[in-house]
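Let me begin by presenting the structure, written as structure tokens, before commenting on it.
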Amino acid sequence: MVSNPKAAEIFRGIADLLDVMGERFKPEAYRRAARSIDSLTEDLAAVAGRGDLRSIPGVGDAIEEKLREYLASGRVDYYDRLQKDVPAGVAEMLRIPGLGPKTARRFWVELGIEGPAELLTALDAGRLVGVKGFGEKKIAQIRSAVEAHRAGGSSARLPIAEAYPIALALVRGLREGAGAERVEVAGSFRRGRETVGDLDLLVTTEEAERAFDVFSALPQVKEVRLRGGTKETVLLQNGLQVDLRVVEPAAFGAALVYFTGSKDHNVQIRSLAKDLGLRVNEYGVLRGEERVAGRTEEDVYQALGLAWVPPELREARGEVEAAARGPLPTLVGADDLRGDLHVHLPSNADPDSVDRLLAAGRERGLAYLGVVVVTVDRDGVRSALPDSLRTHLRNASGPQLRTFEVGEFGPAEDPSSPTGDRRPPEWWVARPTKRSGPLQPPSDARGRVFLVAHRGLRDLGDVRGVAAWNDFARKLGAAVEVGPGEDRLDSTWARQARESGLRISLPTGVGESPDSPTGPIALRFARRAGALPSEVLNAEPQPPISGAAKP
DNA sequence: GCCGTTTTCGGCCCGACTGTTTTCAGTCG
């Protein structure tokens with residue numbers, strides 16, 4: 001079965017092999033195409049069907065040809081042939097931190113080493129001693145990296161919701177301990193990607209050394225990887241890598257742009273700068289040696305003739321061209337959210353928990369709360385909240401903060417399956433249902449506030465699955481909920497949903513701890529999808545319950 | 001291999017850090 005992620009994987013494989021073969025620019029070209037394919041909200045076969053493959057950034061004649069071949073046969077001959085030329089283990093050596101294409105190639109060609117296992121054997125036999133370019137330190141470094149790699153080093157990307165509290169704690173530690181004036185988390189965390197590979201922290205301070213000392217001593221930090229005059233890299237206890245960079249205030253905006261990325265976005269604005277006779281780096285926008293911008297991000301973009309681009313959109317998907325035409329539409333923000341359509345009470349909730357939740361809602365200035373009282377699953381309707389609490393909830397609701405009951409309905413695991421199989425939407429529609437609860441989608445008027453929630457689509461890039469669920473939401477007249485669940489596809493889902501006219505619902509995290517990722521991360525995902533306030537159901541001042549229903 | 005309202009050829013981001021070099025190569029982000 002062909003799929004977008006598999007196609008991207010093949011191109012990344014080609015890139016690795018070309019790297020080892022010493023090609024200069026082709027590897028990056030194939031990787032660029034792979035990244036573009038990963039960020040598609042549409043199935044490749046559908047794009048090909050329209051004859052539109054060339055519209056994918058980074059896809060030209062040669063890659064279009066290979067995509068067609070892949071879609072027709074599931075294979076790419078060029079990749080198969082490359083794999084015959086280069087042993088798989090040589091490409092795998094590229095996965096070892098600190099080992100790049102040049103070194104991997106030298107090991108292979110000069111020493112006949114064809115993979116990490118053989119490299120370790122060679123190290124044990126002392127075969128690297130005396131080889132030009134490999135001193136004592138380098139050999140020790142390689143050995144430790146190979147061993148970590150062989151032990152299954154934790155190089156996997158972390159879901160952003162898990163990185164969120166860690167990032168908050170590090171920022172807090174730096175602010176309190178190092179007297180840092182300004183601390184920001186940049187990188188893919190700031191762009192709101194579903195997963196992060198590392199964290200990039202930027203600080204302004206007069207005392208870089210002190211900031212590094214404080215940072216290294218934080219309890220989350222396991223070891224210092226490298227430390228220079230402006231940059232420190234550490235490894236956290238949980239295996240996450242964190243880069244800390246000290247920048248001067250006059251360059252903070254430029255550094256923030258630079259380290260927020262994405263790489264493709266940076267490349268695009270740099271080449272634009274070049275056309276204008278300017279140069280962009282992390283210190284500013286430069287004309288010759290003169291810095292013409294750098295203090296704020298707005299300055300930097302303005303100096304390039306661009307409107308400021310929200311970090312969540314910096315993926316080289318047309319945002320630079322749009323920013324050249326004029327200001328971008330204002331994306332949904334935290335202040336736009338007037339209510340929450342999906343609030344859970346704990347399973348051991350009592351009247352006090354209900355009161356605390358309502359107090360939290362009022363404190364946030366929310367006008368309404370939709371509290372989950374039933375979950376609709378395979379057996380029809382399951383109650384999640386006892387009748388006594390439902391009565392308490394109704395009575396406690398007032399004019400400042402209205403409450404109403406909502407049901408949950410989504411691609412949850414099939415509870416009857418021991419392996420937790422996911423069921424396609426059709427299965428839910430066709431299922432025998434007892435229809436015994438208060439909410440009976442899709443005929444009930446209140447079905448309009450049904451949310452198709454975010455569980456169950458774990459495979460990154462499963463755009464077909466996403467499309468099926470969005471179609472399902474449309475049939476129900478439901479909004480699509482975006483949030484930092486276990487799933488990793490939410491911004492793809494949300495983008496596809498809003499492009500097809502569906503509305504989005506955003507959880508606010510009301511009633512959760514202040515460090516909870518729910519609200520902030522949901523918002524980032526929605527912004528990443530390009531959501532405007534008008535496209536978000538709970539940005540409406542009134543709750544969208546029956547009576548308010550549109551025809 | 002891709003890309004182009006100044007290009008269909010000749011470019012392709014750029015600086016920090018490390019280690020092994022005595023002026024630079026490789027890797028990384």
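Just so you know, these numbers come straight off a predicted model, no measurement behind them. Residue numbers start from 1 in every chain, and the chains themselves are labelled A, B, ... in the order their sequence lines are given, proteins ahead of strands.
Distance check, rounded to the nearest 0.5 Å: OG1 of Thr103(A) to CG of Leu94(A) gives 9.5 Å.
Atom pair Leu18(A):CG and dC2(B):P shows a separation of 12 Å (rounding to whole Å applied). Rounded to whole Å, atom P of dT27(B) lies 7 Å from atom CG of Leu99(A).
When only modelled atom types and interatomic distance are considered, Ser39(A) and Glu315(A) share no side-chain donor-acceptor pair under 3.5 Å. With no hydrogens or angles considered, a side-chain donor-acceptor pair links Gln268(A) and Glu321(A) at under 3.5 Å.
Within 4.0 Å (heavy atoms only), Glu64(A) reaches no atom of the nucleic acid at all. Using a 4.0 Å heavy-atom cutoff across all strands shown, Pro101(A) reaches sugar-phosphate atoms only and no base atom.
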*Output, in order, the C-alpha distance, side-chain angles, deciding distance and verdict of side chain to side chain contact (heavy atoms under 4.5 Å, CB included) for Leu304(A) and Val285(A).*
CA-CA 8 Å; Leu304(A) 301 173; Val285(A) 181; 4.2 Å; yes
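Between Ser271(A) and the phosphate of dC12(B), there is no side-chain N or O to OP1/OP2 separation shorter than 4.0 Å.
Searching all strands for a Watson-Crick or G-U wobble partner of dT8(B) with both distances below 3.5 Å returns nothing.
For dC2(B), the base is not stacked against the aromatic ring of Phe25(A), per a cut-off of 5.5 Å between centres and 30° between planes.
In this structure, Arg524(A) forms a cation-pi arrangement with Phe189(A), its terminal cationic atom sitting closer than 6.0 Å to the ring centre and no more than 45° off the ring axis.
Comparing dC12(B) with dC17(B), their C1' atoms sit 24 Å apart, to the nearest whole Å. dT22(B) and dG26(B): their P atoms are spaced 15 Å apart (whole Å). Taking atom C1' in both dC14(B) and dT21(B), one finds a spacing of 22 Å when rounded to whole Å.
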Can you tabulate the close N/O pairs, meaning under 3.5 Å, that link protein atoms to atoms of nucleotides 15-19 of chain B?
| unit_1 | atom_1 | unit_2 | atom_2 | d |
| --- | --- | --- | --- | --- |
| dG15(B) | OP1 | Arg279(A) | NH1 | 2.9 |
| dG15(B) | OP1 | Asn281(A) | ND2 | 3.3 |
| dA16(B) | OP1 | Tyr283(A) | OH | 2.6 |
| dA16(B) | O3' | Thr230(A) | OG1 | 3.4 |
| dC17(B) | OP1 | Gly229(A) | N | 3.2 |
| dC17(B) | OP1 | Thr230(A) | N | 3.0 |
| dC17(B) | OP1 | Thr230(A) | OG1 | 3.2 |
| dC17(B) | OP1 | Lys231(A) | N | 3.1 |
| dT18(B) | OP1 | Arg227(A) | N | 3.1 |
| dT18(B) | OP1 | Arg227(A) | O | 3.1 |

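A centroid separation of 6.0 Å or more is found between the aromatic rings of Phe11(A) and Tyr70(A).
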